[in-house]
Student: 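Before anything else, here's the structure in question.
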Amino acid sequence: MKQIETELLVIGGGSTGAGVAWDAALRGFRTILVERRDLTHGTTGRYHGLLHSGGRYVVKDPRSAVECIEENRVLRYTHAHCIEDTGGFFVVTPEDEGDYPDKFKAACAQTGVPCQELPLKEAFRREPLLNRRISRVFEVPDGAADSFLATHATAQAAQLAGATILIYHEVVGLLVEGGDGDRRVVGAQVTDKVTGEDFIIRAAMVINASGAWAGKIAQLAGIEVKVIPGKGVMVAMNHRVVNTVVNRCKMPADGDIIVPAHTVAVIGTTDEKVADPEPLRIHPWEVQLMLDEGDKLVPGISKARVLRAWAGVRPLYQEGFTGQSRDATRALTLLDHQARDGVRGFLTITGGKWTTFRLMAETTMDMACKQLGTERPCLTAKTQAPGVEQGHYWLGHRLHAVEEHHLQSDLICECELVTRAMLQQAVLKNPTVTLDDLRRDTRLGMGPCQGGFCTYRAVGVIHQMQHETQGAANQAMPTTIQPTNADTGPQIWDVAHLQSPAHNVDAPHRVKMTAGASLADANLLLHDFLQERWRGVTPILWGQQLKQERLDELIYLSVMNADHLPRSESQSPLTDFWQFDTTPGAGE
Amino acid sequence: MLDLLVIGAGLTGLTAALRAAESGLKVKVIAKGLGSLHWSAATVDVMGYPAPSPVAAKNPWEGWQSLPAAHPYHRLGAKRIKADLDAFQAWTVALGLPYAANADPDRNTLLPSPVGAFRPVYLAPKAQFAGDVASRQPMLIAGFDGVRDFYPQLLADNLAAQGQPARSVLLPQITLTDRHDANTVHLAEALDDPARQTALGVALKSAVQPGERIGLPAILGLRAHTQVMEALTRITGATIFEIPTLTPSVPGVRLTAALRTRLDQVGVRVEAGMEAIGFNATGDAIEWVETSTSSRPIRHRARNFLLATGGVLGGGFSSDHTGRFWEVVFQLPLTTPQDRGQWFRPQFFDPAGQPVFSTGVAVNERWQPVDADGKIVYRNLWAAGGLLAGADPIQERSLEGLAISTAMAAVESLTTR
């Protein structure tokens, strides 16, 4: 079996793993990150997108609140373009009376979370749809974060500093050497999910940053880590009903927040302790609860059009904790397996929030340095991620660019204003295996039609690229193009401007693939993406969205007859995902 | 006083109105929008995949035993549907938008879809019909750079993978238009211009090889497509055919326009922008339907009413998060379970379809809506098309066949009672 040497192996391509790889590479470590699917496929890509001010935790979990506000300030510098500066409200609805609001105000002061009580008139001026029975409003520096972009930008930053990022590489075993009392993790066996090839990565230190899956990874070294998987269900509304993050001013509970995210608003979230981080089934009562609670903040929101529902799993951890996941700490946890389990060369970083991913990475790498007997300072807080010169995200940026550069005819996804060139560049500039990867890169298919129009177009564009690459006329269905893997050197990874139509104008129509691309054949891409979109809409199909879905059926069944295309024998990692994790609407 | 008020301007409503007018009735059509023909490929599909069969039906009149007992086709029978579709085909010829059928009336014809699958259709616009894959005559699929609703390479490769020889060519979009926001309808409109036709013909001429027929996106003219096709044939010397595109659908726009022109000629008004918002019934007879417009509510009185608002897609049904599912004009009883948990299956491409879409309005043998006990709801109300229970016309590929045959049957029932 092929073997690769490195200093640090990071397991997990969520925000934390990417952050650790970035931090490690900046400190000069030779670093490889492996992720079994795409970056952010796990919890990072499945949260509501809140950049915490810390306000949410000031009363219940002050340590977490302090971490949040400090990191909130840092990320506004390092990842400005991944953040929309929406500000946040904590509002007191008639159901939230009692002494919590005063406690909240005091706790904000104690934890250093800036908090200002607003006159109601001003709050209603800024958010006219808010419940008029709200009695008090506090403003805090919450924001809306694009965790897809942020994690990709972090990965690119890591790569620029020398790290290797391997997506669709799954850890199937940890290499443990030594006997009782002197065990040491020295690397991992990894499967390339695209080629099916196995190889060994040997490392001086292995960092387990696999979030809700951390227990499963630790188990490969015979170590017990009891992650408390707290499932959260979120519902995306078709309209951006608020421009400010709106939180209920009470102890954190189900459905108490609405986050404006790009063109939509997300209601979150439940917190239910589950046995496993997958599959992530969504039950009707969970959707109902989000809508009912949403009504308390924005009356009538339950009657508005819903786009999609999804679930993420918090990687909560509290040593010895046996209670409900809602009550488990949100603070980060670093497990030093040398001290805890007598296993050297292995750290697990879990808990925390998206907002604290950089701090989690710093904490982890401080410990790693100590164990490796070297002193190297953390540089991430002072280093900006690629693309940061674009400034904070603002809602109109894509529309502005499309109109300015007359890109209307080029729109592949009209809902999210994704142009053909953006899509092509996303294929070229970071490893791409499925259309869902391109969704995370560009927001393809995330709008009202949920892939109805753009799936066909994206597949057509990609197929044309595959064809140009092969350079042959009238060939049969293309074969999978060989992906880049660890021993063929660094992959192209240039994601800083993938979200910007203005950076992708005057692009040629005919573009070739690069060696890094490993997209499957067109028919499989189409089938998988439609199925993945279907999975997320079935829990919320009624009213206008049901009508939309019927139009999508008209397009793909009646007009395209796409369900009777020659089927590929092959499967993609996306097939693998939806096959065991499909929500038919009614739960188990 | 109107003899018949048709509610809905899709293929069902327009067919019913025309048939009724030809029978001497005084008819009017009201509709919320333009009808869903603008979204479809505008072929007439009778039965492509009798659910749950994943195999294309060679003979559209067979395999019906697997369809639900309540399927409208069981009541109509093949012979009657054939006669109705013959009548429809005769209309299209008279309207200057001729539809063609397989020489064998018991065979579906397989035509290329925009993604290169074979669509089993019964009738198709002549413009599409020459794409019949039965002959296996090689195809040159021509598309345009920057036309985002048609991908010739994907199409050609999929056709070739299924044994239909095909290759593709991409022409510069500048051949068609210099608009920055062109969709298929804009492109078709541009090709009504003879100069553009010549430019396109010359470009095709240099690409086509002897023995090939040329498949183009269905954008060959909005108002003058027969002339466009003749011009291209003249220049290239090759057979030209259209392949449907992603919606909006030019063939659907053409068919709507042709039917509405004909309705105009026979004195039937089609009033769009008229959403039915209420009605009044005396006893078991409907007196009027009220519509909203920008100025004022209007009451439309008629002796008879035909509901052709379509299913979920046409807007005939609505639903909410509690699982309530209702018919929007008359609140008719439906066969739909009021529980969202029973509406869907896990796979988007399940050959059995999504259960919710084969539910709807139950009718008796006279095409009159009935309740769960089989009792007529209103004695002067008829229903036809996509809102009928028992069929999933999109899954089955029976959308237009069902629309036309049930529309004609309902009109016949109300004129012969």
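Protein chains get the first letters and strands the later ones, always in sequence-line order, with residue 1 at the start of each. In this text the structure is predicted, and so the values were computed from the model without any measurement.
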Student: Would you give the length of the straight line joining atom CZ of A:Phe453 to atom CZ of B:Arg148, rounded to the nearest 0.5 angstrom?
Tutor: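 Here the interatomic distance stands at 10.0 Å.
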Student: I need the A:Glu468 CD to B:Leu170 CG distance, nearest 0.5 Å.
Tutor: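 Spacing of CD (A:Glu468) from CG (B:Leu170) equals 7.0 Å.
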Student: Below 4.0 angstrom, N of the basic side chain to O of the carboxylate: do B:Asp149 and A:Arg457 qualify?
Tutor: yes
Student: Identify which part of B:Pro152 has an atom lying under 4.5 Å from any heavy atom of chain A, answering side chain, backbone, both or neither.
Tutor: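 Neither; nothing under 4.5 Å.
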Student: Considering all heavy atoms of both residues, which atom of B:Leu246 and which atom of A:Met560 are nearest to each other, and what is their separation?
Tutor: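 The answer is CD1-CE, 3.7 Å.
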Student: Whether the side chain of B:Ser318 engages the backbone of A:Gly543 through a donor-acceptor N/O pair (distance < 3.5 Å, no angle test) should be reported.
Tutor: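 Not confirmed, B:Ser318 side chain does not pair with A:Gly543 backbone.
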Student: Return yes when atom NE2 of A:His239 has more than 12 non-hydrogen atoms of other residues, nucleotides or ligands closer than 6.0 Å, and no otherwise.
Tutor: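 No - once you tally the heavy atoms of other residues, nucleotides and ligands closer than 6.0 Å, there are 12 at most.
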Student: Just wondering, do A:His463 and B:Tyr151 contact through their side chains at under 4.5 Å, heavy atoms?
Tutor: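 The answer is no, as the side chains (C-beta and beyond) never meet within the 4.5 Å cut-off.
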Student: Answer whether the closest heavy-atom distance between the side chains of B:Arg179 and A:Ser409 falls below 4.5 Å.
Tutor: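 No. Closest side-chain heavy atoms not under 4.5 Å.
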Student: Is the NZ or CZ atom of A:Arg550 both under 6.0 Å from the centre of the six-membered ring of B:Phe357 and within 45° of that ring's axis?
Tutor: yes
Student: Once rounded to the nearest 0.5 Å, what's the spacing between atom CG of A:Leu291 and atom OG1 of B:Thr322?
Tutor: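 Rounded to the nearest 0.5 Å, the CG-OG1 separation comes to 11.0 Å.
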Student: Looking at B:Asp145 and A:Arg420, is there a salt bridge between them, counting it only when a charged N and a carboxylate O are closer than 4.0 Å?
Tutor: no
Student: Heavy atoms, side chains only, cut-off 4.5 Å: are B:Gln395 and A:Asp563 in contact?
Tutor: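 Yes, at least one pair of side-chain atoms sits under 4.5 Å.
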Student: Counting N and O atoms only, with roles assigned by atom type, does the side chain of B:Arg340 sit under 3.5 Å from a partner on the main chain of A:Pro539, one being a donor and the other an acceptor?
Tutor: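 Yes: the side chain of B:Arg340 pairs with the backbone of A:Pro539.
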Student: Any side-chain heavy-atom pair from A:Leu541 and B:Trp343 closer than 4.5 angstrom?
Tutor: no
Student: What's the separation between atom OG1 in B:Thr247 and atom OH in A:Tyr456, rounded to the nearest 0.5 Å?
Tutor: 11.0 Å
Student: Name the member of A:Leu411, A:Val537, A:Val459 that forms the most heavy-atom pairs with chain B at distances under 4.5 Å.
Tutor: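 Going by pairs under 4.5 Å, I would pick A:Leu411.
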Student: Tell me which of these, A:Val461, A:Val306, A:Leu407, A:Val559, has more heavy-atom pairs under 4.5 Å with chain B than the rest.
Tutor: A:Val559
Student: Kindly give the heavy-atom pair with the smallest separation between A:Asn523 and B:Leu154, and that separation in Å.
Tutor: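 That closest heavy-atom pairing would be OD1-CD1, 4.4 Å.
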Student: Relative to chain B, which segment of A:Glu414 carries a heavy atom at a distance below 4.5 Å: side chain, backbone, both, or neither?
Tutor: side chain
Student: Is it true that B:Gln153 and A:His467 share a donor-acceptor pair across their side chains at a distance under 3.5 Å?
Tutor: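 A:His467 vs B:Gln153: donor-acceptor pair found between side chains.
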Student: Quick one: what part of B:Arg119 sits under 4.5 Å from any heavy atom of chain A, side chain, backbone, both or neither?
Tutor: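 Interface part for B:Arg119: both.
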Student: Specify which of B:Asn183, B:Asp181, B:Val356, B:Thr245 makes the most heavy-atom pairs with chain A at under 4.5 Å.
Tutor: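 Heavy-atom pairs under 4.5 Å are most numerous for B:Asp181.
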Student: Does some side-chain heavy atom of B:Phe325 sit less than 4.5 Å from a side-chain heavy atom of A:Leu546?
Tutor: yes
Student: With rounding to the nearest 0.5 angstrom, report the CD1 to OG distance, A:Ile555 to B:Ser249.
Tutor: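 Reported value, rounded in 0.5 Å steps: 10.5 Å.
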Student: Ring pair (Phe, Tyr, Trp, His ring centres under 6.0 Å) with B:Tyr49: which residues, sequence neighbours excluded?
Tutor: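 Once residues adjacent in sequence are excluded, the partners of B:Tyr49 under the ring pair (Phe, Tyr, Trp, His ring centres under 6.0 Å) criterion are A:His564.
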Student: Between A:Glu553 and B:Phe348, is any pair of side-chain heavy atoms under 4.5 Å apart?
Tutor: yes
Student: Heavy-atom pairs under 4.5 Å with chain A: which of B:Pro54, B:Ala42, B:Gly48, B:Pro244 has the most?
Tutor: B:Pro54
Student: Check whether B:Thr43 gets within reach of chain A through its side chain, its backbone, both or neither, counting any heavy atom under 4.5 Å.
Tutor: neither
Student: Surrounding NZ of B:Lys32 (heavy atoms of other residues, nucleotides or ligands, distance under 6.0 Å), is the total greater than 12?
Tutor: no
Student: Should B:Pro120 and A:Asn561 count as side-chain neighbours, where that means a heavy-atom distance under 4.5 Å?
Tutor: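 A side-chain contact exists here, since the closest heavy-atom pair is under 4.5 Å.
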Student: Are A:Trp534 and B:Phe344 close enough, and set up right, to give a ring pair (Phe, Tyr, Trp, His ring centres under 6.0 Å), and what steps lead you there?
Tutor: CA-CA 10 Å; A:Trp534 173 250; B:Phe344 309 111; 5.5 Å; yes
Student: Does any heavy atom of chain B fall under 4.5 Å from the side chain of A:Gln288, the backbone, both, or neither of them?
Tutor: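 Only the side chain of A:Gln288 comes within 4.5 Å of chain B.
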Student: With only heavy atoms counted, which part of A:Arg510 is less than 4.5 Å from chain B, the side chain, the backbone, both or neither?
Tutor: side chain
Student: Working to the nearest 0.5 angstrom, can you tell me the gap between B:Ile394 CD1 and A:Leu557 CG?
Tutor: 7.0 Å
Student: Any non-hydrogen side-chain atom of A:Leu554 less than 4.5 Å from a side-chain atom of B:Leu399?
Tutor: yes
